[in-house]
Number of protein chains: 2
Amino acid sequence: MIYLMALDRMGFLLKHAYLAYESLAAEKYDAIGATARECGVLAQVQATENPSQLELANELGVDRTTMAQLLDSLEQRGLVSRTPLPTDRRKNLVSLTKSGHDLLARDRVIRAELDREFLAPVHTAEQATLRSSLHAIVNTQRTSSRTP
Amino acid sequence: MIYLMALDRMGFLLKHAYLAYESLAAEKYDAIGATARECGVLAQVQATENPSQLELANELGVDRTTMAQLLDSLEQRGLVSRTPLPTDRRKNLVSLTKSGHDLLARDRVIRAELDREFLAPVHTAEQATLRSSLHAIVNTQRTSSRTP
DNA sequence: TATTGTTATACTCTATAACTATA
DNA sequence: TATAGTTATAGAGTATAACAATA
């Protein structure tokens with residue numbers, strides 16, 4: 001009888017694929033003094049155009065306290081600015097600085113190389129499938145676990 | 001100009017797919033009083049047949065101190081036993097107890113349902129591709145980062 | 001002297017709770 | 001009274017370091 005190894009389990013595969021990506025990303029992103037995650041926050045700020053901190057947190061699936069910490073660091077390094085919304089001063093509108101924009105340009109180059117290297121073991125034809133499958137899973141889970 | 005959202009980044013997709021799986025797994029596995037991860041350890045013990053703690057740790061990609069903690073808990077619950085190897089008493093051979101075997105049988109049922117539900121958003125034809133792609137990535141990274 | 005396993009400790013990531021301010 | 005943001009704290013998961021036993 002053949003026993004299924006833990007190595008073939010979905011949980012193991014997802015965890016270690018994630019860890020492998022993070023490890024490779026840490027190497028590559030070292031050159032620009034920011035993490036892949038931080039660049040993800042910047043990208044979301046750019047895509048959303050002046051989100052509040054809470055909107056940003058909800059979009060990225062993190063707690064607002066975690067977002068506050070991330071933004072503290074990004075702001076201290078001059079990558080984003082926080083501006084109180086005049087019509088509702090409880091909200092901080094987050095926007096990219098010039099440095100933030102510049103960093104995103106460098107991020108794009110690094111990420112292209114990172115993804116290329118990370119996905120190298122997967123046949124070219126299946127790389128898009130991998131991405132779309134993950135996308136489908138993540139979108140399903142995220143939309144079904146939203147609080148009303 | 002259209003900006004790429006952070007939500008489409010590989011790191012984000014992998015992380016949240018992993019978190020979604022863990023969240024769903026935590027629900028399902030609650031019924032048997034063990035985690036998916038613990039069942040993965042049991043499965044690896046079964047597949048390897050009497051591994052030492054260190055072998056087990058290396059195979060599963062965790063630190064030996066982490067493995068010691070995992071095994072402490074599994075042993076206390078009567079799921080595995082540790083036996084010093086007579087020819088090298090530094091090594092503990094890990095083996096499944098009857099309860100450990102029984103739990104693995106229940107794990108198989110739970111995992112089938114869990115995977116089915118988790119992979120539901122992915123077309124059936126692409127589910128195997130997702131698994132094989134992750135497998136290729138994880139195996140590549142793991143074998144290339146082994147210490148000699 | 002090197003290896004296996006154990007224990008104590010520290011670090012990272014993240015969330016919960018309590019607080020301030022604004023509405 | 002509810003919401004946005006901040007701060008302090010705690011928890012999970014993991015690794016590093018020091019140690020004991022064995023080789």
Side-chain angles (χ1 to χ4, degrees), chain A residues 11-12 14-16 18-23 25-26 29-30 34-38 40-41 45 48 50-76 80-95 145 147-148, chain B residues 11-12 14-16 18-23 25-26 29-30 34-38 40-41 45 48 50-76 80-95 145 147-148:
Chain A
F12 182 89
L14 286 167
K15 177 177 185 177
H16 284 268
Y18 168 59
L19 290 177
Y21 189 90
E22 287 302 301
S23 168
Y29 275 87
D30 193 50
T35 66
R37 187 191 194 197
E38 288 171 336
V41 175
V45 171
T48 313
N50 295 335
S52 72
Q53 293 191 193
L54 190 57
E55 284 164 1
L56 210 44
N58 290 339
E59 286 161 359
L60 293 176
V62 302
D63 195 83
R64 62 190 171 138
T65 66
T66 303
M67 184 52 64
Q69 289 178 10
L70 279 165
L71 292 174
D72 280 350
S73 177
L74 292 172
E75 187 182 40
Q76 280 163 27
V80 301
S81 59
R82 297 197 254 209
T83 315
L85 176 65
T87 57
D88 185 348
R89 294 182 49 76
R90 291 173 303 183
K91 296 189 181 181
N92 272 346
L93 297 193
V94 183
S95 54
S145 64
T147 40
Chain B
F12 182 88
L14 286 167
K15 177 178 185 176
H16 284 267
Y18 168 59
L19 291 177
Y21 188 89
E22 288 300 301
S23 169
Y29 276 87
D30 192 50
T35 65
R37 187 192 195 198
E38 288 170 335
V41 174
V45 170
T48 313
N50 295 334
S52 72
Q53 294 191 194
L54 190 56
E55 284 164 1
L56 210 45
N58 290 338
E59 286 161 0
L60 293 177
V62 301
D63 195 83
R64 62 190 171 137
T65 67
T66 303
M67 184 51 64
Q69 289 178 10
L70 280 165
L71 292 175
D72 280 350
S73 177
L74 291 173
E75 188 182 38
Q76 279 162 27
V80 301
S81 60
R82 298 196 253 208
T83 316
L85 176 66
T87 57
D88 184 348
R89 295 182 48 77
R90 291 173 303 182
K91 297 189 179 180
N92 273 346
L93 296 194
V94 183
S95 54
S145 64
T147 40

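Protein chains get the first letters and strands the later ones, always in sequence-line order, with residue 1 at the start of each. Since we're looking at a predicted model, the values are computed, not measured.
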Considering only side-chain heavy atoms of [X], which listed nucleotide, [options], is closest?
X     : options                : result
A/A68 : D/dT7, C/dT7, D/dA15   : D/dT7
B/R90 : C/dT6, C/dT22, C/dA2   : C/dA2
A/T66 : C/dT6, C/dT14, C/dA23  : C/dT14
A/N92 : D/dT6, C/dT14, D/dA4   : D/dT6
A/D63 : C/dT16, C/dT4, D/dT22  : C/dT16
B/T65 : C/dT14, D/dA17, C/dA17 : D/dA17
B/R89 : C/dT6, C/dA18, D/dT22  : D/dT22
B/L54 : C/dG5, C/dT22, C/dT14  : C/dG5
A/K15 : D/dT14, D/dA4, C/dG5   : D/dT14

- B/D88 or A/L85: which one's nearest nucleotide on DNA chain C is closer to the 5' end? B/D88
- Query: Do A/E59 and A/T48 have side-chain N/O donor and acceptor atoms under 3.5 Å apart?
  - Reply: yes
- Task: Measure from the side-chain N and O atoms of A/E55 to the backbone N and O of A/S52, and report whether any donor-acceptor pair falls under 3.5 Å.
- Result: yes
- Item | B/E38 side-chain N/O to B/T35 backbone N/O, donor-acceptor pair under 3.5 Å | yes
- Message: Taking salt bridge (charged side-chain N to carboxylate O under 4.0 Å, His left out) as the cut-off, I'd like each qualifying pair that reaches into residues 61-74 of chain B, sequence neighbours left out, listed once.
- Response: B/D72-B/R82
- Task: Find which nucleotide of DNA chain D each of B/V62 and A/D72 is nearest to by heavy atoms, and output the residue with the more 5' nucleotide.
- Result: A/D72
- Is A/R37 near enough to C/dT12 that one of its side-chain N or O atoms lies under 4.0 angstrom from OP1 or OP2? no
